[in-house]
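All values below come from the heavy atoms of this structure, side chains included, with hydrogens, waters and symmetry mates left out. Reminder, nothing fancy here: chain letters follow the sequence lines and each chain counts from 1.
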Protein chains: 2
Amino acid sequence: MNLKEFARTLGLSQTTVSRALGGYPEVSAATRKRVQAEAVRLGYAPNRGAQRLATGRAMAIGHVVPLGPNPDIVNPIFADFLAGAGETCAAAKYEMVIAVTRHGEEADAYREMAMKGSVDGVIVHSPQIEDGRIALLRDIGLPFLVHGRSSGVDAPYSWFDVNNRRAFFRATRFLTDLGHERIALINGPEEMDFAHRRRLGYEEALLEVGLTVDETIMTSDEMTEPYGYRAACAALQTAVRPTAFLVSSIISAMGVRRAIVDAGLAPGRDVSIVTHDDDLSYLSNRGDVPLFTATRSSIRAAGRRCGELLIRMIAAGEGAPPVTELWESELTLGVSTGPAPQ
Amino acid sequence: MNLKEFARTLGLSQTTVSRALGGYPEVSAATRKRVQAEAVRLGYAPNRGAQRLATGRAMAIGHVVPLGPNPDIVNPIFADFLAGAGETCAAAKYEMVIAVTRHGEEADAYREMAMKGSVDGVIVHSPQIEDGRIALLRDIGLPFLVHGRSSGVDAPYSWFDVNNRRAFFRATRFLTDLGHERIALINGPEEMDFAHRRRLGYEEALLEVGLTVDETIMTSDEMTEPYGYRAACAALQTAVRPTAFLVSSIISAMGVRRAIVDAGLAPGRDVSIVTHDDDLSYLSNRGDVPLFTATRSSIRAAGRRCGELLIRMIAAGEGAPPVTELWESELTLGVSTGPAPQ
DNA sequence: ACAATTGCCCAAAGCGCTTTCAATATCTCA
DNA sequence: TGAGATATTGAAAGCGCTTTGGGCAATTGT
C-alpha cells in the first residue's frame with residue numbers, strides 16, 4: 001500500500017493525507033482522525049526511503065561501535081547503553097542504525113554513514129585520549145555527540161560524560177579515610193579517556209594525603225573478569241600487598257573479588273574493593289546491602305540522555321553551539337570495604 | 001554531492017556512473033576504475049534513501065530487542081550477538097537497525113519496520129515457547145529468522161538454534177557419572193524456549209539414570225548474577241543440599257559460585273557447577289584451565305551465522321523453503337566440577 | 001453587502017537514485 | 001567487405017513521498 005492508493009481509497013489527495021499523518025495544522029480535526037484511523041486499519045505507513053528522499057532527513061541516528069583493541073572485545077556496557085538510547089529514539093520516532101567495526105577502522109564507517117545519508121547524527125563511543133574521530137566528524141559535517149570526552153582535543157565539541165575524575169578521587173579518599181595506604185588501581189585501557197581521567201583522580205587523592213603513587217600496583221587492560229582476577233592475584237602475591245583495590249568495572253571487580261577469596265582473604269575485612277558500577281541490569285549491585293562499594297552511574301540513563309541530546313542537536317542545526325553535560329556519580333556503600341587491617 | 005553533479009564532473013551519464021559503482025558488467029573496466037577512484041577522491045556515495053526508493057530494497061536487517069519481562073533487563077548476550085551479526089552485515093553491505101521494545105510490545109515494532117520498508121528482514125530474538133511473533137511475521141510477509149525456536153509453533157519457519165536439550169542432557173549425565181544425585185537447576189525464565197529445552201534435557205538425563213525430578217531444586221528467573229547467588233544460597237540451606245548446580249548462564253554461575261564460597265564450601269570439590277557459556281568476550285571461560293565446566297557455544301558466532309542466513313533468505317525471495325540450522329555446543333572441562341562427595 | 005481573512009484541500013514539482021529501452025561504436029566471421 | 005553480434009554508453013521514466021503555490025468556501029470585520 002502506498003500513499004497514492006491509500007489516498008484514493010480515502011477519497012482525499014496525497015497532500016492532505018500526508019499532512020494529516022505528519023501532524024501539520026492545515027487539516028481539519030475530523031479529516032485527520034479519519035486518516036489516522038484508516039491508516040491503522042489498512043496498515044499504511046509512509047515509506048521510509050521515499051520520506052528520506054523527499055525531506056533530506058534520515059530520521060535515524062548511528063552508533064559506530066569499535067571492538068576492543070586486543071582481542072575483538074565488545075564492551076558489555078553497550079547493550080544497556082543502547083537500550084537507553086533506544087527508548088529516547090523510539091519516543092522521538094528516530095531509528096537507530098549500528099555499525100560494528102574493528103578497532104581503529106571507525107573512520108570509514110562514519111564517512112559512509114555521512115555520504116550515504118543513512119543517519120542524521122552519530123554517537124561516538126569509547127573516546128580515547130587523542131581521538132581523531134572528533135576532527136574527522138567535524139570535517140565531514142555530521143552532527144555528533146561524544147559519550148565521554150577526549151582530553152587531547154582542544155576545539156569545542158558536544159559531549160556527555162560522567163565525572164570520572166571526581167568519582168575516583170572520592171573513591172580513593174574514601175579508602176584513605178579508612179586507613180588504606182596501599183591501594184591498587186585495576187583500570188581500563190589507559191588510552192581510553194575515561195581510564196585516564198580515573199587514574200588522575202586516584203593519583204590526585206593519593207598525593208593529597210601524602211601517599212606515593214606506585215606504578216607497580218596500577219594495571220590497565222580490557223575490563224574482563226579474568227583480567228580482574230589475574231591482576232588481583234598478582235598484586236596479592238607481592239611483598240607488601242595492597243589492602244584495597246580500586247576497580248574500573250564491576251565485571252573486573254568480580255574477578256578481583258574471586259582472587260581475594262581464593263587467597264583465603266575476606267573481601268571487606270582483609271582487603272577492600274571499590275569499583276565503578278555502570279548499573280548494568282544483569283549485574284545489579286543494588287539491593288539492601290550492595291555487594292560492592294561503588295561509584296555508580298547508570299549507563300542506561302546515560303544512553304537515554306545521549307539520545308535526547310543528539311536528537312536535540314540535530315533539530316537545532318549546524319550553527320548551534322556545542323552541548324556539554326557532566327554527571328556526577330554517586331558513591332554507594334556496600335560490604336566490600338572496611339577499615340584497613342593493622 | 002549527488003549523482004548528477006558527480007556524473008557531470010566525470011563527463012559521464014548518471015546511468016554509467018550508477019552502473020560502474022553498482023558493479024554491473026556493462027561498463028568497461030577502465031571507466032569503472034576511474035569512476036570508483038573519483039568517487040573516493042570526491043567523497044561520493046549513492047544516497048541510501050534514493051537507492052531504497054528506486055530499488056525497493058532497504059539493504060538493512062532489523063533487530064527487535066525485547067527487554068526482560070520483569071524489570072527492564074537487557075540480555076547481556078545481545079552485545080556479542082550484535083557484534084557477530086554486524087560482521088556479516090558489513091561484509092554484505094547491509095545496515096543493521098535496532099529497535100528496543102518493552103516485553104510483549106514487539107509486534108508494533110515489527111509492523112512498523114515492515115510497513116515503512118525500513119528493513120528487508122528481521123532476526124527474532126529470545127523466542128518463547130508460544131511465540132506469536134512467528135505467526136505475525138508470516139502474516140506481514142517480512143522475511144525473518146528466529147534465533148532459537150518456539151516449541152509451540154507447528155508451521156515451518158526459519159530458525160537457527162543451539163541444541164540446548166542435548167547440551168543440558170550431556171551436562172547432567174556428566175554430573176551423574178561423577179556420582180551426583182542431587183543436582184539443582186538454575187534456569188532462565190521458563191517461558192523462554194531455550195530454558196524449556198534445557199530443562200527437558202536435564203530431566204531426561206535424570207530419569208535415564210533413575211533419579212527423580214525434584215521441582216524444589218529447580219528455579220527459573222532472569223539470569224542475573226544476584227539471581228544465581230540467591231538461588232544457590234537458598235538451595236544450600238535446604239535439609240538435603242544439592243551437590244551440584246546446573247546453571248543456564250555464566251553470569252548467574254558467577255553468583256552461584258559466590259554463594260558456594262560464602263557458605264564455606266569449595267567449588268569443584270564440595271559442590272560442582274556446570275554452566276552454559278555463551279563465550280562472551282568479557283567473561284571469558286577459556287584459558288588453560290577454565291573456571292567453569294560448561295556447555296559452550298559462541299553467541300558471537302551465532303550472530304555471524306544468523307546474519308548470513310537471513311541475508312541469504314532475503315536474496316532467495318519469498319518462495320524459498322525455510323532454512324533451519326542446529327549447532328551442537330561443546331562440553332568443556334573446567335575446575336568447577338568433581339566427583340560427588342560421599 | 002463587500003472585501004479580507006481563514007480553513008481546508010489539491011495538483012504538480014522534485015528529492016537522487018536504478019533500470020528499461022535505445023543508440024552508437026567496435027568486433028567477428030564468412 | 002558487409003551483416004550480425006557485442007561492448008559501451010545515454011535519455012528518460014519512474015520509485016513514494018513532502019511541500020510549494022494556488023484555489024474555493026465559509027467566516028469575519030466594517
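Within the 4.0 Å cut-off from OP1 or OP2 of C/dC10, at least one side-chain nitrogen or oxygen of A/S13 is found. The phosphate of C/dT20 (OP1 or OP2) has no side-chain N or O of B/Y24 nearer than 4.0 angstrom. A sub-4.0 Å separation between OP1 or OP2 of C/dT18 and a side-chain N or O of B/S18 is present. Side-chain nitrogen and oxygen atoms of A/N2 include at least one within less than 4.0 Å of the OP1 or OP2 phosphate oxygen of D/dG16.
Distance CZ (A/R57) to C1' (C/dG16): 16 Å, rounded to an integer number of Å. Rounded to whole Å, atom C1' of D/dA11 lies 16 Å from atom CD of B/E26. Between the P atom of D/dT18 and the CG atom of A/L3 lies a distance of 7 Å, rounded to the nearest Å. The CZ-P distance, from A/R19 to D/dG21, rounds to 13 Å in whole Å. When the P atom of D/dC17 is taken as reference, atom CZ of A/R52 falls 14 Å away, rounded to whole Å. As a whole-Å value, the separation of B/N47 CG from D/dC15 P is 18 Å. Taking atom CD of residue B/Q14 and atom P of nucleotide C/dC21, one finds them 19 Å apart after rounding to whole Å. B/R48 has its CZ atom 12 Å from the C1' atom of C/dC17, to the nearest Å.
In this view, A/H147 satisfies the side-chain hydrogen bond (donor to acceptor under 3.5 Å, both in side chains) rule with no residue, not counting sequence neighbours.
Ring geometry for A/Y157 versus A/F144: interplanar angle under 30°, hence parallel rather than tilted (30 to 60°). Relative orientation of the B/F81 and B/H125 rings is perpendicular, given thresholds of 30° and 60° on the angle between their planes.
Residue A/F6 is out of contact with every strand shown, counting any heavy-atom pair closer than 4.0 Å. Among the protein residues, B/T55 comes within range of the sugar-phosphate backbone only, with heavy atoms under 4.0 Å from sugar or phosphate atoms but none that close to a base.
Checking side-chain atoms of A/R138 against main-chain N and O of A/A155 turns up no donor-acceptor pair under 3.5 Å. With hydrogens and angles disregarded, a donor-acceptor distance shorter than 3.5 Å links the side chain of B/S150 to the backbone of B/I129.
Ranking C/dC17, D/dT18, C/dC9 by closeness to the A/S28 side chain, first place goes to C/dC9.
In this model, a side-chain donor or acceptor of A/T15 finds a partner on the base of D/dT19 within 3.5 Å.
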